[in-house]
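Indexing begins at 1, ligand by ligand and atom by atom, following the structure's order. The figures that follow rest on heavy atoms only: side chains count, while hydrogens, waters and symmetry mates do not. Note that the coordinates shown come from a computational prediction; the quantities given were computed from them, not determined experimentally.
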Amino acid sequence: MSIEPRAGILDIRPYKPGAAEAPGIENPIKLSSNENALGCSDKAADAFRSSASRLHLYPDGGATALREAIAQEEGLEAENIVCGCGSDELLQLLGKAYLNPGDKVVQSQYGFLVYRLVAMQCGAQIVSAPEKDYTTDVDALIEAAGDDAKIVFLANPNNPTGTVIPNSEIRRLREALPASTLLVMDAAYAEFVRDPNYEAGIELAREYDNVVMTRTFSKIHGLAGVRLGWAYGHKSIIDVLHRVRGPFNVNLPAIEAGIAAIKDRAFVKASVDHNEEWVAWLRQQIGGLGLEVTPSVCNFVLVHFPETPGKTAAEADAYLTSKGLIVRGVAPYGLPNALRVTVGKADENRAFLDALSNFMAKTPAV
Ligand SMILES: *Cc1c(COP(=O)(O)O)cnc(C)c1O
């Protein structure tokens, strides 16, 4: 008999990232992982390259220069920031630090899959609060949390739905939760949102010692490959995260690329502008094919397919893949009739739409 892991670990289904290959197709178009259509900042890529001469050195374990750059650009205090190997790591660390076996973790119905993984890794129970119109329902979250949830994970805006709730709703949530519940605001897509009623979680994390916000360099900064994220919160939470993180959890090239990226406001603006234009285009064009598209403030759209044989999401997925267009099936989120499509470059979006309209026009094989 082999050595056994902790109870519950073997029940975990490992996270399956968006596909990167289409069998038999040399250069497929990857619209499956919400990567930045514009790539990354040239300055970030230069900084990454120039770090190559120092790869034998340990990085600064405190990522001080990076935290200071983030603090300066975002108007925050560097000592209230901790960096991680992707915001994923920070979500894991929050679980590791705060969850006991049997604790209750609450998320929204179509919440990001990583929250479930974090809960299961820690032997905690995940409870999902029903959504309305693919949007977080604060009343349902409050009810699910009751007086004994240890963590409420909330992606705002959410992936894979792309929907957002206003700051007033987040405040109402925080005020209704007990002091013993940690509210984790996952603001992975914050920079894409231009709605004035939106707030990523900075204000709340400043005011409350039981709110923490996580952010990522993977989306708006186009640095998914280097793995870099950060969390902002009360010093008591940041102190806890420093205790449970690895001593060098952020690598040297990531620190250098991250500093250059966060300072490159022009790249960020270009990314937001590009996204605003094309997410609206995709929504309108896909809607024109008779498919329902959930309104998205992110760099992807959720497209709903009928259950009619020949026109289902699974068949669309297979057809698109056969044409070299890789999108994301979201059945693991409980959305078997939908596909998530990342905003690409102009020609990629057009190629996607062409393939999708061919699929929709196809007469089903009987
Ligand atoms: C992409 C994404 C993240 C970021 O993950 P990284 O580990 O920073 O790449 C976090 N939360 C949500 C909801 C996401 O979609």
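Annotation: ring-ring contact (aromatic ring centres under 6.0 Å, His included) contacts involving residues 45-96, sequence neighbours excluded, comprise Tyr58-Phe248.
A distance-only check finds no donor-acceptor pair linking the side chain of Ser33 to the backbone of Glu35 [under 3.5 Å].
The aromatic rings of Tyr134 and His304 sit tilted relative to each other, their planes meeting at an angle between 30° and 60°.
For Glu169, the side-chain contact (heavy atoms from CB on, under 4.5 Å) partners at least two apart in sequence or on another chain are Val138, Ile165, Pro166, Arg172.
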Given Val164 and Asn156, is the side-chain contact (heavy atoms from CB on, under 4.5 Å) satisfied, shown in steps? CA-CA 5 Å; Val164 68; Asn156 194 40; 3.4 Å; yes
Please output the side-chain donor-acceptor pairs of residues 119-132 that fall under 3.5 Å, not counting sequence neighbours, one pair per line with the distance.
residue	atom	partner	partner atom	Å
Gln121	NE2	Gln92	OE1	3.4
Ser128	OG	Gln107	NE2	3.1
Glu131	OE1	Thr135	N	3.2
Glu131	OE2	Ser108	OG	2.9
Glu131	OE2	Tyr110	N	2.9
Lys132	NZ	Asp137	OD2	3.4

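For ligand 1, the 4.0 Å heavy-atom shell takes in Gly86, Ser87, Asp88, Phe112, Asn159, Asp186, Ala188, Tyr189, Thr216, Ser218, Lys219, Arg227, ordered by chain and residue number.
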